[in-house]
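This report concerns only the one structure given below.
Each chain gets a letter, A, B and so on, in the order its sequence line appears, and its residues count up from 1. Predicted model only: the values in this text are computed from it and were never measured.
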2 protein chains.
Amino acid sequence: MAVRLADVAKEAGVSQATASRVLNGSKRKPSEEIADRVRSAAERLGYFPNAQAQALARSTAGLVGLIVHDIADPYFSSIARGVQHGLDGTGVQLLLSSTGRDPDVELGAVRSFLSHRTDAILLAGSRGMSGDDELAAALTRYQENGGKVVMIGQPLALAGGIQLDNQGAAAELAQELLKLGHRRFAVLSGDQSLATARDRVSGFVEKLESSGIAPVVVREGAFTRDGGYLEMADLLRSNDLDLESGQVCVFCANDVMALGAMTAIRESGLRVPEDVAVAGFDDIPTLGDLVPSVTTVRLPLEEIGRMAGEFVLADGDDQRRFVVSGHPVLRESTRKV
Amino acid sequence: MAVRLADVAKEAGVSQATASRVLNGSKRKPSEEIADRVRSAAERLGYFPNAQAQALARSTAGLVGLIVHDIADPYFSSIARGVQHGLDGTGVQLLLSSTGRDPDVELGAVRSFLSHRTDAILLAGSRGMSGDDELAAALTRYQENGGKVVMIGQPLALAGGIQLDNQGAAAELAQELLKLGHRRFAVLSGDQSLATARDRVSGFVEKLESSGIAPVVVREGAFTRDGGYLEMADLLRSNDLDLESGQVCVFCANDVMALGAMTAIRESGLRVPEDVAVAGFDDIPTLGDLVPSVTTVRLPLEEIGRMAGEFVLADGDDQRRFVVSGHPVLRESTRKV
DNA sequence: AATAGATGGGAATGCGCTTTCCAAGGTAGT
DNA sequence: ACTACCTTGGAAAGCGCATTCCCATCTATT
């Protein structure tokens, strides 16, 4: 890249130091006349500061890293959008890594972020992280060096961030479904090594049990659309649900699972909600446009992302945790018949 | 950040040059014994190269910038996922900017990418860019300085990239719908200042007209879910469709618009496809799980992103254009009754 | 055995910028 | 009028690394 600060300085007939002070928010403001000269020189030459060099000199990069499981998943893309908004206008850029939930890729991403000296790392979604994990170690070292780690969605011993009250919200949902008169439940739990899935399921099931009801069946599977589809199809094939005894309400640990499950239900010739009621979790954007519309727990995903984006810019030692709660949204898919 | 290459070198008892050669893929490979010493020293100290400094010294950053209109839109998030995949294993990191289609934000993002000396800039989605645009100017300067510009989805005079044959695919869709027996069409065109929307609509309409059919009505609106919803609702209220004369097939310039439109249709008490048939464009992931399933044009979005991600790493002067075609997927929403 | 050539390691320079630290000029206070 | 202080611009020292020379040590050639 061609034009450097030194060129601008020469063009303006001032020292490089002065040029730097004019063009980049320094404490010291040169006189208005000189400033004008510098600015117009910069303009004329088409000067762009080299962020790398600035980062090196300032030892702060103006970058934050965001790690998500899958950017194509509406859950994460909504969060990403929020983060982006939270960062708007600050000049901070977002480094994105979509890891496909692969721990190695995740570790690689964190390492890369460390290398790029991102000012903060945002981790969205939960992961089974044991304390002696390499990932945990890398993050800890990062923090020791002044980096900020912010969790989105799941707490982490070592970091603050935005938490979701998955358990509480799931309990609320269970309560509402009970109120509607549902008594027979199945649970598609997703991958129980994920804290998010675990909390949602435990919140739901415990609430049921405290009302004296045990789910007919709880099935584990992938925490994805296909996971929901496959498990539901399998479940229907197994006949464990004993649908002759009446409608069953299936709680899916997230919305995309619910989507898959609903397709499986339809493909086996059953109706939602008449034969099988379905509830999801997250309230991803398209959910309201479905037929039947799907009961879920509304999570302010974008807002969560925004909070995280803003929080990231705050004081580096701020380790607060914000808990965001979600609330049930009852729609047609859980109509009691 | 604490530990530098110099520290590693000292720890290993070698010069910084040697340490550098060992740790970062240099041509010259020091002897195996020395290399081991250096590597173990690096390990012991927990050394991470400073990407900023490397970038400065190497004058290449290992970054590419991706600009999308809205990362929460499945169209773009699918592409982003593909790009990420295309970059996998290369060590290149993705700088993401979701601009909300705001030209100023877009320009800001490009400027920021220039500052960060990204090796390439990927622009997804179309934009009304006149030749004398500031954005075009910035991109041109970027190219002159060795940066690579890659368009995804829309051609741009100054850059290569992956194009979509929106027009051809839309024509194919029209053809198929005609084959199904549809004769009365409405078009929700989205924002016609976007080349993507324009091409899709023109391809569709021209095909109709070459068969002697003119759409009953073409309505412009936002290229979003809400745009589809609002225009459709409005359209139904206006009664321009004259539904008593029979089923109308509504072509929406993208899938999320179709989603919104379908909700509007249902809310007004009509049925899809019995009263109004609906077709979209893109084949976003959730589309097959809907009821009724929605006819659309399948675009290999993720594949497109992946191609772009890989293309980006190719020779800087490679200005080729790849044209990706899409094909109709007929589903229930356009069943002829 | 003598020398050209190859190999391996180190000192030093530069990437582009920020930021002390200095010096010079100005202002105010007594 | 003189000292004390504030303001302004400039010189120069890094920030952490890659890389170009350069020198020393080895190997191959005749």
Side-chain angles (χ1 to χ4, degrees), chain A residues 1-39 41-42 45-63 91 112 114-119 145-146, chain B residues 1-39 41-42 45-63 91 112 114-119 145-146:
Chain A
M1 297 282 179
V3 33
R4 291 151 310 162
L5 185 57
D7 302 326
V8 175
K10 195 174 339 151
E11 171 85 9
V14 301
S15 80
Q16 186 171 324
T18 303
S20 169
R21 288 196 269 253
V22 171
L23 296 176
N24 311 75
S26 164
K27 317 262 169 207
R28 287 182 51 177
K29 298 287 176 195
S31 73
E32 202 40 48
E33 183 223 328
I34 293 228
D36 276 345
R37 270 213 329 261
V38 172
R39 268 190 294 265
L45 268 43
Y47 169 74
F48 278 93
N50 182 324
Q52 322 281 0
Q54 288 185 315
L56 196 55
R58 287 179 174 150
S59 61
T60 165
L63 286 176
S112 178
L114 294 204
S115 269
H116 281 280
R117 301 300 192 262
T118 55
D119 301 327
N145 288 325
Chain B
M1 298 281 180
V3 33
R4 291 150 310 163
L5 185 57
D7 302 326
V8 175
K10 193 172 343 147
E11 172 85 8
V14 300
S15 81
Q16 187 173 320
T18 304
S20 170
R21 290 196 266 254
V22 171
L23 296 176
N24 310 76
S26 165
K27 316 261 169 209
R28 288 182 50 176
K29 298 287 175 195
S31 73
E32 203 39 48
E33 183 221 329
I34 293 229
D36 276 345
R37 258 193 7 238
V38 172
R39 270 191 292 266
L45 268 44
Y47 169 74
F48 278 92
N50 182 323
Q52 323 280 1
Q54 289 186 316
L56 197 55
R58 289 180 173 147
S59 61
T60 166
L63 287 175
S112 179
L114 293 203
S115 270
H116 282 279
R117 300 299 191 263
T118 55
D119 300 326
N145 289 324

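The listed nucleotides are D/dC17, D/dG10, C/dC17; the one nearest the side chain of A/Ser15 is D/dG10.
The CG atom of B/Leu114 lies 11.0 Å from the CG atom of A/Asn50; values are rounded to the nearest 0.5 Å. Atom CZ of A/Arg37 and atom OG of A/Ser31 lie 8.0 Å apart (nearest 0.5 Å). Here the straight-line distance linking atom CZ of B/Arg117 with atom CD of A/Gln52 works out to 8.0 Å at 0.5 Å rounding. In this structure, A/Leu5 CG and A/Asn24 CG are separated by 7.0 Å, a value rounded to the nearest 0.5 Å.
Remark: A/Thr18 is in phosphate contact with D/dG10, judged by side-chain N or O atoms under 4.0 Å from OP1 or OP2. Side-chain N/O atoms of A/Gln54 include one lying less than 4.0 angstrom from OP1 or OP2 on C/dT18.
Nucleic acid contact class of B/Ser20 (heavy atoms, under 4.0 Å, all strands): base. Residue B/Gln52 is classed as having no contact, given no heavy-atom separation below 4.0 Å to the nucleic acid.
For D/dG16, the base has no donor-acceptor partner in the side chain of A/Arg117 [N/O atoms by modelled type, under 3.5 angstrom]. In this model, a side-chain donor or acceptor of B/Arg21 finds a partner on the base of C/dG10 within 3.5 Å.
Nearer to the 5' terminus of DNA chain C, by closest-nucleotide assignment, is the contact made by B/Gly13 (compared with the other of B/Gly13 and B/Ser59).
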